[in-house]
Amino acid sequence: MVAVVVIWGVNFSVSKWSLRQFPPLGFTALRFVIASIVLLAVLRWREGRIRPPAGATWPLARLGLIGNSIYQIAFIIGLSRTTATNSALILASMPALVAALGAALGIERLRRRAAQGLALATLGVVLVVVARGVSFSAGTAAGDLVTVLAVACWAAFTLGVRQLKFSMSPLAITCWTMVLGTPVLIAAGLPSLLQTDWRAITLAGWGGLGFASVMSLVVAYLLWNASVRTVGSNRTAVYACATPLVAMATAALMLGERPAALQLAGAGAIVIGVLLSQRVGTELPPAARPDAPSPAGGGE
């Protein structure tokens with residue numbers, strides 16, 4: 001999990017840097033084509049069977065649309081219009097939002113201290129957004145708000161995975177939601193890819209694409225799933241709280257970003273709020289308990 005935290009923390013700056021050479025939607029399309037091919041190969045190697053169970057294709061496609069297509073478009077557009085630090089901090093609030101949305105839909109019961117953690121994490125997100133000034137010009141709060149939309153999409157995806165009625169491994173769910181969400185990303189990114197000056201992309205740019213595809217979307221996912229199987233989803237999720245700290249340090253070194261005092265205060269509120277909500281936790285009603293942990297998310 002320390003490796004996962006480092007990979008996802010570094011990925012914000014790597015992706016932000018690569019967006020200087022790649023168009024945002026084209027970059028996302030290429031990432032997911034590469035990651036889908038690699039994950040299909042890993043699924044075949046690990047489990048032998050590639051095809052999803054009967055009746056699973058459409059539910060997986062819907063989840064892929066929400067959790068990969070819409071989420072990734074919002075994530076990359078948000079990242080291109082805000083700082084790597086802000087993006088990482090806002091995405092760090094995801095576990096708390098999952099708990100809140102699950103309680104609102106009756107999937108989970110939100111205990112009092114978990115609700116307090118959610119409120120604290122929400123306050124942290126607000127501090128991060130307003131730290132740069134409430135302005136909706138390109139490159140300021142607009143990118144932050146789009147990133148908040150991405151968080152909401154992933155929260156909906158996570159809860160959707162928990163409600164799947166058929167048995168699939170976390171690896172298979174991760175693979176097929178990614179594969180089925182990729183065509184929309186290709187359609188969104190193809191126009192900008194056709195206009196890309198490929199000769200202007202440096203070796204470092206291709207390396208950034210490779211890291212964001214293989215390390216962030218494949219290696220980190222597999223490590224996350226292995227951790228969930230070994231120590232459980234709650235203990236695994238707590239490690240993700242350290243991701244924004246790595247992201248801030250990396251952004252300072254790679255991009256020269258310096259967090260403001262309000263951002264640091266927001267970071268503390270988010271991390272403490274998420275830790276509180278995860279430690280106290282939510283309680284699944286018996287009919288809603290999942291057969292398998294949900295796949296990884298956030299930091300990609």
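Positions are given from 1 along the sequence.
- No chain of hydrophobic side-chain contacts below 4.5 Å, direct or via other Ile, Leu, Val, Met, Phe, Trp or Tyr residues, connects Ile186 to Val184.
- Applying the side chain to side chain donor-acceptor pair (under 3.5 Å) test to pairs two or more places apart or on separate chains, those with a residue in residues 191-203 are Gln21-Thr202.
- Counting only N and O atoms by type, the side chains of Ser87 and Thr82 include no donor and acceptor under 3.5 Å apart.
- The nearest pair of heavy atoms linking Ser213 to Leu30 is OG-O, 4.4 Å.
- Using a 4.5 Å heavy-atom cutoff, the side chains of Gln72 and Cys153 are not in contact.
- When side chains are defined from C-beta on, Leu39 counts as touching Met178, because their heavy atoms get closer than 4.5 Å.
- Atom-to-atom distance recorded for Leu194:CG and Leu190:CG is 4.5 Å, nearest 0.5 angstrom.
- For the side chain to side chain contact (heavy atoms under 4.5 Å, CB included) with Leu185, the lone residue among Ile76, Thr28, Leu25 that qualifies is Thr28.
- Across all non-hydrogen atoms, the minimal contact from Ala74 to Val146 is O-CG1, 3.1 Å.
- Note on Val214 and Leu19: same hydrophobic cluster, where clusters join Ile, Leu, Val, Met, Phe, Trp and Tyr whose side-chain heavy atoms are under 4.5 Å apart, directly or indirectly.
- With contacts defined as side-chain heavy-atom distances shorter than 4.5 Å, the pair Leu217/Ile34 does not qualify.
- Ring pair Tyr71/Trp154 is tilted by interplanar angle, where 30° to 60° counts as tilted.
- The CH2 atom of Trp17 sits 15.0 Å away from the OG1 atom of Thr250 when rounded to the nearest 0.5 Å.
- A pairwise comparison of heavy atoms in Ala29 and Gly189 identifies CB-CA, 4.3 Å as the closest pair.
- In this structure, Arg46 CZ and Cys175 SG are separated by 12.0 Å, a value rounded to the nearest 0.5 Å.
- Evaluation of the side-chain hydrogen bond (donor to acceptor under 3.5 Å, both in side chains) rule for Ser18 yields no partner, not counting sequence neighbours.
- Side-chain contact between Met254 and Lys16 is absent, with no heavy atoms from C-beta onward closer than 4.5 Å.
- Nearest approach of Ala220 to Val4, heavy atoms of both residues: O-CG2, 3.7 Å.
- Between the side chain of Thr177 and the backbone N or O of Gly64, no donor-acceptor pair lies under 3.5 Å.
- Counting only heavy atoms from C-beta outward, the side chains of Leu180 and Leu63 never approach each other to under 4.5 Å.
- Put simply, OG1 on Thr147 and CZ on Phe75 are 8.0 Å apart, with the number rounded to the nearest 0.5 Å.
- Leu203 belongs to no hydrophobic cluster with other residues, because no ILVMFWY side-chain heavy atom falls under 4.5 Å from its own, directly or through intermediates.
- Leu171 is not listed as a side-chain neighbour of Trp176, based on a closest heavy-atom distance of 4.5 Å or more.
- The minimum heavy-atom distance linking Ala212 with Phe27 is given by the pair CB-CZ, 3.8 Å.
- Between Leu79 and Ser15, the shortest heavy-atom distance links the atoms CD2-CB, 3.7 Å.
- Contact check for Leu40 versus Val179: side-chain heavy atoms found under the 4.5 Å cut-off.
- Using a 4.5 Å cut-off between side-chain heavy atoms of Ile, Leu, Val, Met, Phe, Trp and Tyr, with links allowed through other members, Phe157 and Ile77 fall into the same hydrophobic cluster.
- Cluster membership check: Trp8 shares its hydrophobic cluster with Val218, using side-chain heavy-atom separations under 4.5 Å among Ile, Leu, Val, Met, Phe, Trp and Tyr.
- Taking the six-membered ring wherever Trp is involved, the centroid distance between the rings of Trp206 and Phe22 falls below 6.0 Å.
- Annotation for Arg20: atom CZ counts as buried by contact number, over 12 foreign heavy atoms lying within 6.0 Å.
- Under a hydrophobic-cluster definition in which Ile, Leu, Val, Met, Phe, Trp and Tyr are linked whenever side-chain heavy atoms come within less than 4.5 Å, directly or via other members, Ile50 and Leu164 are assigned to the same cluster.
- The side-chain heavy atoms of Leu209 and Arg31, taken from C-beta on, include a pair separated by under 4.5 Å.
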